[in-house]
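Heads up: the structure comes next, in structure tokens.
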Protein chains: 2
Amino acid sequence: MSVFRAPGSQKAQGHVPSEQLSLELADFYKVFGDFSRIRILFSLLDNELYVNELADLLGMSQSAVSHQLRILRQNKLVKVRKDGKTSIYSLDDDHVYRILTQGLEHISH
Amino acid sequence: MSVFRAPGSQKAQGHVPSEQLSLELADFYKVFGDFSRIRILFSLLDNELYVNELADLLGMSQSAVSHQLRILRQNKLVKVRKDGKTSIYSLDDDHVYRILTQGLEHISH
DNA sequence: TATACATATGTGCATATGTACATATGTATA
DNA sequence: TATACATATGTACATATGCACATATGTATA
């Protein structure tokens, strides 16, 4: 793994992990580290759904769902398709699916 | 994936994801979703290190490191070995290593 | 065009969280 | 035993964050 700084920029024993990479990885996990967002992603595993369907399904307000969908969009985890008045959301690709299944494997040891 | 509730407990189209599982998975990701904790874990990839070594290496206070190590301990991501006055920390098992490498794969697309 | 509907978004607030500071706990050494 | 050292932890506070509320934007229909 090229997680570390170039030799010479380190002080004592141990390698200082790259701050850039650490930040990116933490941000990556942060998106998945929220109950509502995980539930939204799970809901989209089978079907694409529009915003109000998600809100009803999960018992969340339209506002809350929209705000979380925005975060998921910005992080390229979901994509939108417009159909008239409705915005239809789906997982961006099966990359997201793999991340979720790997996470589930880890928590079931 | 058995991520969903039993059929019958769902309303319209779409499956309501299990709240229990969603919560566990979000909490799992939440631990990794912090810059300082990721850096600590990366630092422990090669070597075991004691608290002050980590603090010096990462430019963090002893207090901050200890508090984060506590969270990592509670989530079984690191383990402690006592040697006199010092507490020597290491990754709990290579399960943690796998999680980190998978995360890195994802952010590098 | 006026209205209803679906979604997006700005804002405020309550809660969560990371860390500094101070201190407690535990261990080795003089 | 007294002191220094290493770590753990309680507390306060600043910041981050998720969501409710109100409203803006965009689209279809009467």
Side-chain angles (χ1 to χ4, degrees), chain A residues 12-14 19 22-44 47-75 77-90, chain B residues 12-14 19 22-44 47-75 77-90:
Chain A
Q13 65 218 87
E19 300 202 357
S22 301
L23 203 61
E24 278 181 42
L25 194 57
D27 285 342
F28 165 80
Y29 284 124
K30 210 169 288 186
V31 183
F32 290 91
D34 176 77
F35 180 59
S36 297
R37 285 193 290 272
I38 285 288
R39 292 180 82 212
I40 290 174
L41 292 176
F42 274 161
S43 302
L44 296 175
N47 311 304
E48 49 181 19
L49 293 168
Y50 54 88
V51 179
N52 279 333
E53 277 181 324
L54 277 167
D56 290 347
L57 190 68
L58 301 177
M60 295 174 63
S61 72
Q62 178 266 322
S63 169
V65 171
S66 263
H67 274 104
Q68 297 308 328
L69 282 172
R70 175 187 171 140
I71 294 175
L72 295 171
R73 245 187 295 128
Q74 289 171 333
N75 286 276
L77 301 183
V78 301
K79 61 186 174 200
V80 210
R81 178 167 63 84
K82 294 273 185 180
D83 181 26
K85 287 181 287 190
T86 71
S87 298
I88 300 166
Y89 281 84
S90 56
Chain B
Q13 65 217 85
E19 299 204 358
S22 300
L23 202 62
E24 279 182 41
L25 193 58
D27 285 342
F28 164 79
Y29 283 124
K30 210 168 288 185
V31 183
F32 291 91
D34 176 78
F35 179 60
S36 297
R37 286 194 290 273
I38 286 288
R39 293 181 82 211
I40 291 175
L41 292 175
F42 274 161
S43 301
L44 296 175
N47 311 305
E48 50 181 19
L49 293 168
Y50 55 88
V51 180
N52 278 334
E53 276 182 324
L54 277 167
D56 290 347
L57 191 66
L58 302 176
M60 296 173 63
S61 72
Q62 177 268 322
S63 168
V65 171
S66 264
H67 274 103
Q68 297 308 329
L69 283 172
R70 175 186 172 143
I71 294 174
L72 294 172
R73 245 187 295 129
Q74 289 169 335
N75 286 276
L77 301 184
V78 301
K79 61 187 174 198
V80 210
R81 178 166 62 83
K82 294 273 185 179
D83 181 26
K85 288 180 287 190
T86 71
S87 298
I88 300 166
Y89 282 84
S90 55

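Chain A is the first sequence line, chain B the second, and so forth, proteins listed ahead of strands; every chain is numbered from 1. All values reported here derive from a predicted model rather than from experimental measurement. Note that these values count all heavy atoms, side chains included, but never hydrogens, waters or copies made by symmetry.
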If I take atom [atom1] in residue [X] and atom [atom2] in nucleotide [N], what distance separates them, rounded to the nearest angstrom?
X	N	atom1	atom2	result
Lys30(A)	dT15(D)	NZ	P	16 Å
Phe35(A)	dT17(C)	CZ	P	14 Å
Leu72(B)	dT19(C)	CG	C1'	15 Å
Asn52(A)	dC5(C)	CG	C1'	9 Å
Leu23(B)	dA16(C)	CG	P	13 Å
Asp83(A)	dT7(C)	CG	C1'	13 Å
Lys85(B)	dT3(D)	NZ	P	16 Å
Lys82(B)	dA8(D)	NZ	C1'	8 Å

(request) Could you please name the partner base of dA28(D), counting Watson-Crick and G-U wobble pairs only when both distances are under 3.5 Å? (result) dT3(C)
(message) Which nucleotide, if any, forms a Watson-Crick or G-U wobble pair with dT15(D), using both distances under 3.5 Å?
(response) dA16(C)
For [N], does OP1 or OP2 lie under 4.0 Å from any side-chain N or O of [X]?
X	N	result
Tyr89(B)	dA8(D)	yes
Arg70(A)	dT7(C)	no
Ser61(A)	dC21(D)	no
Ser66(B)	dT7(D)	no

Looking only at side-chain atoms of [X], point me to the closest of [options].
X	options	answer
Thr86(A)	dT27(D), dT17(C), dT7(C)	dT7(C)
Ser63(A)	dA6(C), dT9(C), dA22(C)	dT9(C)
Ala64(A)	dT9(D), dA8(D), dA20(D)	dA20(D)
His67(A)	dA20(C), dG18(D), dG10(C)	dG10(C)
Ser36(B)	dG18(C), dT7(C), dA28(D)	dG18(C)
Ser87(A)	dA28(D), dG18(D), dA8(C)	dA8(C)
Arg73(B)	dC19(D), dA6(C), dT9(D)	dT9(D)

Shortest non-hydrogen contact from [X] to [Y]?
X	Y	result
Val51(A)	Gln62(A)	CG1-CG, 4.2 Å
Arg37(A)	Lys30(A)	NH2-O, 3.3 Å
Arg73(B)	Ser66(B)	NH2-O, 4.4 Å
Glu19(A)	Phe35(B)	O-CE1, 3.6 Å

(request) Using only heavy-atom distances, decide whether a donor-acceptor pair under 3.5 angstrom links the side-chain of Gln62(A) to the base of dA6(C). (result) no
(request) Would you mind reporting whether Leu25(A) and Phe42(B) have side-chain heavy atoms less than 4.5 Å apart? (result) yes
(request) Find out whether Leu69(B) and Leu54(B) are in side-chain contact, i.e. whether some heavy atom of one side chain is under 4.5 Å from a heavy atom of the other. (result) yes
(message) If you assign Arg37(B) and Ile88(A) each to the DNA chain C nucleotide with the nearest heavy atom, which residue ends up on the more 5' nucleotide?
(response) Ile88(A)
